[in-house]
Number of protein chains: 2
Amino acid sequence: MIGAGIKRGTAELAVLSILEEGPLHGYEMARRIEEQTKGALRFTLAALYPMLYRMEQRRWIRGSWETSDNGRRRRCYRLTPAGRKKLSPLRQEWSELFQALRRLKKVAHA
Amino acid sequence: MIGAGIKRGTAELAVLSILEEGPLHGYEMARRIEEQTKGALRFTLAALYPMLYRMEQRRWIRGSWETSDNGRRRRCYRLTPAGRKKLSPLRQEWSELFQALRRLKKVAHA
DNA sequence: TCTCATATATAAGAATCTTATATGTAAGGG
DNA sequence: CCCTTACATATAAGATTCTTATATATGAGA
């Protein structure tokens, strides 16, 4: 798995990206991020929950308590318009970072 | 320029990459990183000097005081064999991060 | 002399990650 | 019936690495 040192800031992009596909609760977000990145990117729930809280404060996502079929309470988050608007500049920024690092001598064969 | 949030961990790779080209002192490293990334990646010296110190503690780089032609004292760093060995797994890790983020819905057209 | 470029250094603070710990329900196996 | 695993959220303490602000000092050019 990718180490803690270099993955800072990825949670924000990961959460917004995952929520773009539809509303979701934290536990499932963590599972999907791990699944979709084939285990490369993995977040502990302890990292994810405070992040979700912060993103809600910034109005990028909005959470609501729901009760699932199996009777469990969970907090379902969905992207706000502001969150959706944040996505493309954020992706752009990551894209620029990749390019920048590639210029500092090839970052592998990526 | 790329924001502080997402560039964590890049300094390490940047320094090792720059030193791969030859020994260098901190001030010039900062200048070259900015130049080579066309201004996208920029480190303040206040971020760079402690980083160089930490990397020296880890034996990835080795510094020596030199006096330049113009009579200024400066600390010249060079890659150690250990530092050189660190470069390829580190690049690999970044490469995997890029791939992982790309899988979470395209990170722009990168 | 004043300012800019060179050159290094430290301090205080912010943000985001880590591991450890806590709580509670539901389902399945022995 | 009990134990373990999966589900689901939450907080605390600590590490790391970035930020801005500040300090020091020399050399060159206007």
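Side-chain atoms are counted along with the backbone in the values below, which use heavy atoms only and exclude waters and symmetry mates. So that the names make sense, note that chain A is the first sequence line, chain B the second, and so on, each numbered from 1.
Protein atom OH of B:Y77 is 14 Å distant from nucleotide atom P of C:dA7, rounded to whole Å. As rounded to whole Å, 8 Å separates atom P of D:dA8 from atom CD of A:E28. Rounded to whole angstrom, the span from the CZ atom of A:R75 across to the P atom of D:dT11 amounts to 12 Å. What separates CG of A:L24 from P of D:dT9 is a distance of 10 Å, to the nearest Å. Between the CZ atom of A:R42 and the C1' atom of C:dC17 there is a distance of 15 Å, rounded to whole Å. Spacing between atom CG of A:L52 and atom P of D:dA8 amounts to 14 Å, rounded to whole angstrom units. Going from atom CG of A:L45 over to atom P of C:dT18 covers 11 Å, rounded to whole Å. Between the CD atom of A:E34 and the P atom of D:dA6 there is a distance of 13 Å, given to the nearest Å.
Results of the side chain to side chain contact (heavy atoms under 4.5 Å, CB included) test with A:V15 over A:T10, A:L24, A:L48 single out A:L48 as the only residue that passes.
A donor-acceptor contact shorter than 3.5 Å is absent between the side chain of A:S95 and the backbone of A:R91. When atom types are taken as modelled, the side chain of B:T67 and the backbone of B:R72 share no donor-acceptor pair closer than 3.5 angstrom. Distance alone, capped at 3.5 Å, places no donor-acceptor pair between the B:T80 side chain and the B:R62 backbone. Panel note: side chain A:R75, backbone A:G63; a donor-acceptor pair is recorded below 3.5 Å.
Summary for the helix from C:dT1-D:dA30 to C:dG30-D:dC1: the axes at its two ends, each from 5 pairs, differ by 10° when rounded to the nearest 10 degrees.
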List every contact pair, protein side and nucleotides 13-15 of chain D side both N or O, where the distance is under 3.5 Å.
none

For nucleotides 19-29 of chain C, give me every protein contact, N/O to N/O, under 3.5 Å, one pair per line with atom names.
residue, atom, partner, partner atom, Å
C:dA26, O4', A:R72, NH2, 3.1

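Across C:dT10, C:dA7, C:dA9, the shortest atom-to-atom separation from the side chain of B:H25 is found for C:dA7. Comparing C:dT10, C:dC17, D:dA8 by their nearest atom to the side chain of A:R74 picks out D:dA8. Of the listed nucleotides (D:dT17, D:dT9, C:dT8), C:dT8 has the atom at the smallest distance from the side chain of B:W65. Of the candidate nucleotides D:dT9, D:dC18, C:dT8, D:dC18 has the atom lying nearest to any side-chain atom of B:M51.
At the phosphate of C:dT8, OP1 or OP2 sits under 4.0 Å from a side-chain N or O atom of B:Y49. Regarding contacts with the backbone of D:dA25, every side-chain N or O of B:R73 stays at 4.0 angstrom or more from both OP1 and OP2.
To the nearest 0.5 Å, atoms OH (B:Y77) and CH2 (B:W60) are separated by 15.0 Å.
Between A:T37 and B:R103 the shortest heavy-atom distance is O-NH1, 3.6 Å. Summarising the geometry of B:L19 relative to B:R78, their closest heavy-atom pair is CD1-C, 4.3 Å, with the distance given to 0.1 Å.
Electrostatic pairing of B:E35 and B:R32 does not count as a salt bridge here, judged by no charged N lying under 4.0 Å from a carboxylate O.
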